[in-house]
Amino acid sequence: MSKNANQILANQILQQLADGRFKAEGPFVGIDQFLDSIIENIPDMIFVKDAAELRFVRFNKAGEDLLGYSRDQLIGKNDYDFFPAREAEFFIQKDREVLHGRKLVEIAEEPIHTRLKGARILHTKKIPIYDANGEPAYLLGISEDITDRKQAEVKEQRNRELERSNAELDQFASIIAHDLREPMRMISIYMSLLQNEFREIISPVAKEYVDFAIKGTARMNSLLKDLLEYSQAGITREPIKPVNTIKVLNDVVQNLTASIESKNPEIEISNLPNVRGNYGQLIRLFQNLIENSLKYSGPQPIKIRVYAEESDQEWKFFVQDNGLGIEPRYHEKIFQIFQRLNPSDEVEGTGIGLSICRRIVENHGGKIGLFSELGKGATFFFTLPKEI
């Protein structure tokens with residue numbers, strides 16, 4: 001059989017498939033059903049339009065599922081019957097480009113509105129199908145739904161931009177904290193020297209002013225130190241690896257020896273699991289939460305309980321105390337940087353400890369929150385991924 005005869009036969013089969021006619025005879029019985037089965041099982045949308053009026057004459061199951069219409073609803077209709085006018089005009093324009101140019105046209109990203117799935121993005125290829133005389137009789141289209149892939153690419157790009165922005169902010173905060181602490185230290189030193197040098201002759205009012213300046217520089221230095229720590233809490237220098245949280249708590253208790261001896265709390269630590277994380281950051285996380293319980297304790301003997309509960313993908317940790325508690329309206333505020341519920345002269349600190357906790361937890365892919373009422377203690381909770 002000549003090449004031209006093969007082409008004619010192939011076009012006849014494609015036309016039969018497009019028309020829904022399956023009447024091949026002789027040695028070719030079954031070819032039409034075979035091709036039909038292939039088209040029906042291809043996961044991409046396949047459609048055929050007649051060249052004269054660009055009306056649909058064939059659709060596969062993937063096309064029905066994507067557009068949200070049955071082929072009975074689609075056959076005999078055109079793009080204007082299903083899509084917004086601007087979309088339909090774009091589709092028709094590309095169809096004519098295929099038929100008039102007698103060439104394959106590829107649309108890398110083709111937005112389309114579907115009935116059930118909403119807006120989608122397709123990668124479409126369209127080619128003409130010729131009759132026995134070599135004239136375009138049909139248009140064949142194959143469309144791949146690339147919406148999920150495009151969304152993943154956009155998300156990945158946003159994540160890269162966010163990481164870059166966070167890195168720049170961390171670097172900025174680190175530079176400020178380092179560069180400003182030195183002049184603040186110099187101010188504090190020279191104010192103290194001034195106070196000592198002229199303590200016999202300066203007036204009580206002047207002495208009070210100097211005291212204010214020294215205390216102010218000391219607080220500013222403390223704020224800058226905490227700002228530096230906050231910026232570093234978002235940087236994972238050590239690799240994420242399996243961590244024994246019992247060992248983490250033992251180190252925390254040792255770090256807090258002075259506070260524990262002075263306040264004599266009852267600390268109950270349950271059998272804690274292994275997780276995936278940064279060892280140093282997890283020490284800081286638990287230490288900040290236990291310090292918070294010690295700092296905001298009530299008149300009764302202090303009781304602190306640390307335990308964990310398991311779910312499918314993560315562990316949920318709890319640090320529970322019987323301290324002063326926190327009103328529900330402040331539950332979100334306390335995790336914001338430099339937010340305090342008590343005046344600085346009543347409770348030591350800059351109000352950044354819980355902000356650091358949130359940053360560490362989020363850096364590990366978890367969430368943090370609390371249950372608390374005023375006068376009824378507080379239970380902070382956070383999630384960490386399981387050891388895999």
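Not measured: the values here are computed from a predicted model.
Val248 places none of its side-chain heavy atoms less than 4.5 Å from the side chain of Leu272. Side chains of Thr245 and Pro273 form a contact here, defined as non-hydrogen atoms less than 4.5 Å apart.
Under the 4.5 Å side-chain heavy-atom criterion for Ile, Leu, Val, Met, Phe, Trp and Tyr, Leu294 and Ile356 are members of the same hydrophobic cluster. By the rule that hydrophobic residues join a cluster once side-chain heavy atoms approach within less than 4.5 Å of another member, Leu249 and Leu384 end up as members of one cluster. Criterion: ILVMFWY side-chain heavy atoms under 4.5 Å apart, direct or through other members. Under it, Phe381 and Ile269 are not part of a common hydrophobic cluster. With hydrophobic clusters built from ILVMFWY side chains whose heavy atoms lie under 4.5 angstrom apart, Val48 does not share a cluster with Ile75. Under a hydrophobic clustering in which Ile, Leu, Val, Met, Phe, Trp and Tyr are joined whenever their side-chain heavy atoms come within less than 4.5 Å, directly or via other members, Ile368 and Phe318 fall into different clusters.
Although no hydrogens or angles enter the test, the distance criterion places no donor-acceptor pair under 3.5 Å between the side chain of Gln287 and the main chain of Asn255. Remark: the backbone N or O of Phe335 is paired with a side-chain donor or acceptor of Ser355 at under 3.5 angstrom. Judged by distance alone, with hydrogens and angles left aside, the side-chain atoms of Ser372 form no donor-acceptor pair with the main-chain N or O of Gly325 at under 3.5 Å. Judged by distance alone, with hydrogens and angles left aside, the side-chain atoms of Glu314 form no donor-acceptor pair with the main-chain N or O of Gly366 at under 3.5 Å. When atom types are taken as modelled, the side chain of Asn78 and the backbone of Lys49 share no donor-acceptor pair closer than 3.5 angstrom. Side chain of Asp321 to main chain of Ala378: a donor-acceptor pair is present (N/O by atom type, distance under 3.5 Å, no hydrogens or angles). The backbone N or O of Gly323 lies less than 3.5 Å from no partner atom in the side chain of Ser297, so there is not a single donor-acceptor pair.
Across every non-hydrogen atom of Ile260 and Pro265, the tightest pair is O-CD, 3.2 Å. Smallest separation of non-hydrogen atoms from Tyr130 and Pro136: CD2-N, 3.6 Å. Closest approach of Lys386 to Arg276, counting heavy atoms only: O-CG, 3.3 Å. Here the closest heavy-atom approach between residue Ile360 and residue His364 is recorded as O-ND1, 2.8 Å. When every heavy atom of Ile246 is checked against every heavy atom of Ser270, the shortest pair comes out as CD1-O, 3.5 Å. Closest approach of Lys117 to Thr114, counting heavy atoms only: N-OG1, 3.1 Å.
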After noting the C-alpha distance and the side-chain angles of Lys94 and Glu87, does the key distance pass the salt bridge (charged side-chain N to carboxylate O under 4.0 Å, His left out) rule? CA-CA 11 Å; Lys94 292 298 180 182; Glu87 278 186 16; over 6 Å; no

Pair Ser293-Ile302, side-chain contact (heavy atoms from CB on, under 4.5 Å): steps then yes or no: CA-CA 8 Å; Ser293 295; Ile302 302 172; 5.7 Å; no

Can you list the steps and then say if Glu106 with His123 is a side-chain contact (heavy atoms from CB on, under 4.5 Å)? CA-CA 8 Å; Glu106 182 173 1; His123 175 203; 2.5 Å; yes

Where do Thr217 and Met191 land on the side-chain contact (heavy atoms from CB on, under 4.5 Å) test, with the steps shown first? CA-CA 10 Å; Thr217 54; Met191 291 301 294; 5.7 Å; no

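Residue pairs meeting the salt bridge (charged side-chain N to carboxylate O under 4.0 Å, His left out) criterion with at least one member in residues 145-159, sequence neighbours excluded: Glu109-Lys150, Arg120-Asp145, Arg120-Asp148, Glu144-Arg149, Lys150-Glu153, Glu156-Arg160.
Taken to the nearest 0.5 Å, the CD1 atom of Ile146 stands 8.5 Å off from the OG1 atom of Thr124. A distance of 11.5 Å separates CZ of Phe371 from CZ of Phe380, quoted to the nearest 0.5 Å. The line from OH of Tyr307 to CH2 of Trp315 is 13.5 Å long, rounded to the nearest 0.5 Å. Between the CD1 atom in Ile283 and the NZ atom in Lys247 there is a gap of 7.0 Å [rounded to 0.5 Å]. Here the straight-line distance linking atom CG of Asn288 with atom CG of Asn292 works out to 8.5 Å at 0.5 Å rounding. Residue Glu362 holds its CD atom at 10.0 Å from OG1 of Thr383, rounded to the nearest 0.5 Å.
Taking the salt bridge (Lys or Arg N to Asp or Glu O under 4.0 Å) definition, one finds that Lys303 meets it with nothing, sequence neighbours left out.
At a cut-off of 3.5 Å, with distance as the only test, a side-chain donor of Gln157 or Glu161 sits close to an acceptor on the other residue. Counting only N and O atoms by type, the side chains of Arg359 and Asn363 include no donor and acceptor under 3.5 Å apart. With no hydrogens or angles considered, a side-chain donor-acceptor pair links Asp211 and Gln195 at under 3.5 Å.
Annotation for Arg55: atom CZ counts as buried by contact number, over 12 foreign heavy atoms lying within 6.0 Å. Around atom CG of Asn271, no more than 12 heavy atoms belonging to other residues, nucleotides or ligands sit under 6.0 Å away. Summarising the local packing, CD of Gln254 is surrounded by 12 or fewer heavy atoms from other residues, nucleotides or ligands at distances under 6.0 Å. At most 12 heavy atoms of other shown residues, nucleotides or ligands fall within 6.0 angstrom of atom NZ in Lys103.
With salt bridges taken as basic N to acidic carboxylate O contacts below 4.0 Å, one links Arg71 and Glu64. Salt-bridge annotation for Glu97 and Lys126: absent, with no side-chain N of the basic residue lying under 4.0 Å from a carboxylate O of the acidic one. The residues Lys125 and Glu110 are annotated as not salt-bridged, no charged nitrogen and carboxylate oxygen being separated by less than 4.0 angstrom. Salt bridge annotation for Arg102-Glu135: present, with a cationic side-chain nitrogen under 4.0 angstrom from a carboxylate oxygen.
Below 30°, between 30° and 60°, or above 60°: for Phe286 and Phe317 the angle between ring planes is above 60°, a perpendicular geometry.
Clustering of Ile, Leu, Val, Met, Phe, Trp and Tyr side chains at separations under 4.5 Å places Phe83 together with Met45, Phe47, Leu54, Phe56, Phe59, Leu66, Leu67, Tyr69, Leu74, Tyr80, Phe82, Phe90, Phe91, Ile92, Val98, Leu99, Val105, Ile107, Ile112, Leu122, Leu139.
Each of Ile46, Asp65, Ile142, Ile38 was scored for a side-chain contact (heavy atoms from CB on, under 4.5 Å) with Asn60, with one residue passing: Ile46.
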